Number of protein chains: 2
Amino acid sequence: MAKRTSAPIAPALPLDEILEGDCIEVMNALPAGSVDMIFADPPYNLQLQGELRRPNESRVDGVDDDWDRFDSFAAYDGFSRDWLQAAQRVLKDDGTLWVIGSYHNIFRVGATLQDIGFWILNDIVWRKTNPMPNFRGKRFTNAHETLVWCAKSAAAKRYTFNYAATKAMNDDLQMRSDWVIPICSGRERLKIDGSKAHPTQKPEALLHRVLVASTRPGDVVLDPFFGTGTTGAVARRLRRHFIGIEQDPVYARLAQRRIEAVEPATEDTVATTESRRDAPRVPFGWLVERGLIPPGTVLTDQRRRHHARVRADGTLVAADITGSIHQVGAHLLGAPSCNGWAFWHVEERGKAVPLDHFRQQLRATMN
Amino acid sequence: MAKRTSAPIAPALPLDEILEGDCIEVMNALPAGSVDMIFADPPYNLQLQGELRRPNESRVDGVDDDWDRFDSFAAYDGFSRDWLQAAQRVLKDDGTLWVIGSYHNIFRVGATLQDIGFWILNDIVWRKTNPMPNFRGKRFTNAHETLVWCAKSAAAKRYTFNYAATKAMNDDLQMRSDWVIPICSGRERLKIDGSKAHPTQKPEALLHRVLVASTRPGDVVLDPFFGTGTTGAVARRLRRHFIGIEQDPVYARLAQRRIEAVEPATEDTVATTESRRDAPRVPFGWLVERGLIPPGTVLTDQRRRHHARVRADGTLVAADITGSIHQVGAHLLGAPSCNGWAFWHVEERGKAVPLDHFRQQLRATMN
DNA sequence: AAGCCCGCTGAATCGTAGC
DNA sequence: CGCTACGATTCAGCGGGCT
C-alpha cells in the first residue's frame, strides 16, 4: 500500500492553508475526492451542568463553550451527519477518516458514520497516562478517549496503512489498538496570558502516530475542526500537506503562527519504513513520537566516531544503511550485534547522553 | 450507597436459575423494577438478519446476495432497542446496566441506549494482554473490547458504585476506565470434545471486577445473553443472585453444570470495603458529650493559621462567627463548603490530630 | 547546581439524608 | 416535594521558588 505515490493534486486545492468558516460549507466548496486523510476532533456535546470542585475547593475549568452546546441528541446527530457527508465527498476513494471523541458523543458519531457508509477499520483507545481524577468518587476515572478509523466505504480496500512503520515504532510487535500517550500539558500547551488558549488541545504525539500510520509524505490531510492547529503542526513537521478549517479567527491566527514556527524534518527522515526489520527490544519509535528525540536528530556513539539520523518512524539512517538503532549500530561497528540503547547518544549541553536515558524518562511517565 | 440493603425480592422472581428462551419475551415476563444490575453480552453479527426483529415486531427476512447495509444496521438497531427497553423495565430505578461489545456493534448499542434514556456513567476499555494478532497486517491489532456502564436514567443518582472497594483493588489509586485483563483461555475455557464450547466466553476476572464494583452481596444480577454462564458462576462465587436467560439449550445445560460446581466464597470475604459514606453518622456534639473533645478545646487547621474554640453544644466559636465545624471552617476559608472533620485539628503532643481521628475512636466503641 | 516543596491544572455528563 | 445542613472527595506532571 505504501508504495503508491500520491495522485496529482487538483489545482483548486488550497494547500497548507487555514480556511476560516463553517467546515461543512468550506468542505463542500473543495473538489470532490481530493484529500488523502481527514482527522476530525468535533465538539463532544459534553452537556456539563453546574460547577465541579476539586477536594481542595478549587474550581475545575470545564468546557462550556458555545460550540459544544447542542439542544438534543437529534440535533447533534444531524450535525454529525452533515459534516461526515461533506467529509466523505472530499475524501479520495482510498482515503481514510479519523474521528476522536469520548463516551458523550463517540457512540453517536460511530453509528452515524456507519450509517452513511464509512467502513470502520479500527477503534483506537487513547489511554492517558495523566487523566483528571474523578473528584467525587462516583465513577471510574475517565482515563481514555476513543478514535474511530475508517475507510470511505466497505468497497474501498486500498487505504494507506504503513504496517511496517507502525510495527517498527513498537518493538517490532504489531501496533495495538490501545495507545498510551500523555495529555497535552507543559510547554506544548498553548497559552494566552498564562491560561490555556484552547480547552481541548490534543497532544502532538497522538497526531504523530496517526499521520505516520495512515499517510505518506506529500499526502493531503484535512482537519475540519482545526482549533489551534495540532494537525497542521505535525503534518508540516512530517512533510504532509494540510488543509485546516476553523470557524474562530482567534484560533486560526494562533494556529497560523504556531505552524509557521515548525521546522519540517528532512525528507529522508520522514520516509516510512517499507520492509521488515529485526526487532529492537524496546520501541524507540515512541521516543520519536513523544518528541523526546525529534526526527532528524543526529545520534553519535560515545566518542563521536559514528553518526546517524533519526527518522519519523523510529528507524535510523547512516551513511550506507537504514534500520533499527541496534542494526545500524552493529553495522557501523562491524559487530554481529549491538545494543542501540547504550551505543547511541544525543549531544546535550556538550555531553553525550545515551538513548537509554531518554527511554527511562519515557518509562517513568508510563509507570 | 452500600448502606442500603437489597429491597425485598418479589416472590415471582426466579433466583439463581437459567431461563431458556428469547430474552426479550422472558424479561417482559419478569416483574418490573426487580433486578439490581444487568450484564449483557449481546450478539454482534450484523448479518444475523433472519434472527432479528424490527422495532415493530416484524421479522426481518434477510438472506440474499443483495442485502443492504442500511437494512442490516436498522434491523440490528431494532433488536438492540427491543432488548434494551425490556432490560430497562426489569431494572430497579437505582440499578445499572453493563453492555460489552466491539467496534462492530458497540457504537450502535451505545447510541441506542442513550436514545431510550439510559445515562452513561463510564465507557470501560477491556485491554487484552493476549489478543489475536492481525494476520494480514492491514490494521492495528484489535486488542480491546468496550463496555458501557450506565444508570437507568439521568435522574437516577443513587446507583451502586463501591468506590472504596475498587480503589482498594487498585493499590489505593482510583480505578481507571481501562482494565488490563487476559482473554479467557486455558483451564477456564470450557471445551466440548477438545474445541471451545462457546465462541465468545468472557474471562471470569472481567465479571469479578464488574460485580465487585457495581453490586452488593445478595443483589440480583440478570444476564440476558447467558451463554456458558460466566456471569452466573462469578455471581455465585461472590454471593450475588443471578438470573440467566439463554436461547440455546446446549449452552444452558453447560452453564448449569458449570455453576453447580462453583463453591461460594464465605460471607465475610465477599463483603465490600466500606467507604466513609457508609459509616454511621456521628455528630460532632457527641464527641464533646463523651469528653473526647472537652468544651473550651482550641481547634486549629493543619498549619495553625485558623483558630476556634469548642462550645458545650458542639458548635465552634471563632473571631467573627459561630456555627458547626463545617460552617466555621467554610467561613474562615472563604470557601462554599468545608469538611470540618478533616479541616479542624487538636494539638496533641506537638502534633495536629484531625477531628476525624476522634470520630473513628468513637465509632469503634459504638460497633 | 540539585533537590525538595508547594501550587496549579487537565474534554467532567462527579450528593444526599433528613426534615 | 423543596429546603437545608452535613460532609465526602484527587492523580500525574509541570513549573516556580526556596533551601
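Residue numbering restarts at 1 for every chain, and letters A, B, ... go by the order of the sequence lines. Just so it is clear, the model here is predicted, and its values are computed rather than measured.
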Given [options], the nucleotide with the shortest approach to the side chain of [X]:
X         : options                   : result
Met132(A) : dC11(D), dA12(C), dA8(D)  : dA12(C)
Arg281(B) : dG10(C), dA11(C), dC6(D)  : dC6(D)
Gln327(B) : dA11(C), dT9(D), dC6(D)   : dC6(D)
Lys157(B) : dA12(D), dC6(D), dT16(C)  : dT16(C)
Lys138(A) : dG15(C), dT9(D), dC6(D)   : dG15(C)
Arg187(A) : dG15(D), dA12(C), dG10(C) : dG15(D)
Lys128(A) : dG7(D), dT10(D), dA11(C)  : dA11(C)
Pro133(A) : dG15(C), dA11(C), dT10(D) : dT10(D)
Ser324(B) : dT16(C), dG10(C), dC6(D)  : dC6(D)
His104(A) : dG15(C), dG10(C), dA12(C) : dA12(C)

Between the side chains of Glu347(B) and Arg304(B), is the shortest nitrogen-to-carboxylate-oxygen separation below 4.0 Å, so that they form an ion pair?
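A salt bridge links Arg304(B) with Glu347(B).
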
So that I can tick it off, tell me whether Arg176(A) and Asp178(A) are bridged by a salt bridge, with the cut-off set at under 4.0 angstrom between side-chain N and carboxylate O.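 The answer is yes: the pair qualifies as a salt bridge.
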
I want to check one thing: is the phosphate of [N], taken as OP1 and OP2, less than 4.0 Å away from some side-chain N or O of [X]?
X         : N       : result
Arg53(A)  : dG7(D)  : no
His326(B) : dG7(D)  : yes
Arg139(A) : dA12(C) : no
Tyr159(B) : dG15(C) : no
Asn130(A) : dG13(D) : no
Arg54(A)  : dT10(D) : no
Arg189(A) : dA11(C) : yes

What I want to check is whether an N or O donor and acceptor connect the side chain of [X] with the base of [N] at under 3.5 Å.
X         : N       : result
Arg277(B) : dA8(D)  : no
Lys202(A) : dA11(C) : yes
Arg276(B) : dT9(D)  : no

*Test Leu48(A) against Asp64(A) for side chain to side chain contact (heavy atoms under 4.5 Å, CB included), laying out the working first.*
CA-CA 7 Å; Leu48(A) 303 180; Asp64(A) 57 355; over 6 Å; no

Walking DNA chain D from its 5' end, the first of Ile325(B) and Pro55(A) to be reached, judged by nearest nucleotide, is Ile325(B)

task = Examine Trp98(B) together with Trp149(B) and report whether their ring centres are nearer than 6.0 Å.
result = yes

Sugar-phosphate only, base, or nothing, as touched by [X] at under 4.0 Å among non-hydrogen atoms:
X         : result
Gln174(B) : sugar-phosphate
Pro42(A)  : base
Thr141(A) : nothing
Gly186(A) : sugar-phosphate
Arg176(B) : nothing
Asp41(A)  : base
Pro131(A) : base

Whole-angstrom distance between dG7(C) and dT10(D), as gauged at atom C1':
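Those two atoms are separated by 14 Å.
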
Paired to dA5(D) by Watson-Crick or G-U wobble criteria (both distances under 3.5 Å) is dT16(C)

Base orientation of dT4(D), chi within 90° of 0 counted as syn, else anti, reads anti

Can you see whether His144(A) engages Ser177(B) through a side-chain donor-acceptor pair at a distance of less than 3.5 angstrom?
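Indeed, the side chains of His144(A) and Ser177(B) share at least one donor-acceptor pair under 3.5 Å.
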
Between the CG atom in Leu362(B) and the CZ atom in Phe284(B), the distance rounded to the nearest 0.5 Å is 11.5 Å

For Gly194(A) and for Leu121(B), locate the closest nucleotide of DNA chain C by heavy-atom distance; then report the residue assigned to the nucleotide nearer the 5' terminus.
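Closer to the 5' end of DNA chain C: Gly194(A).
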
Nearest-nucleotide wise, let me know which of Gln114(B) and Ser185(A) is further upstream toward the 5' end of DNA chain C.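 The residue whose closest nucleotide sits nearer the 5' end is Ser185(A).
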
### Message
Tell me whether the ring of Trp119(B) lies stacked over the dT13(C) base, given a 5.5 Å limit on centroids and a 30° limit on the plane angle.
### Response
yes

Which of Tyr44(A), Phe70(A), Trp83(A) passes ring-ring contact (aromatic ring centres under 6.0 Å, His included) with Tyr76(A)? It is Phe70(A)

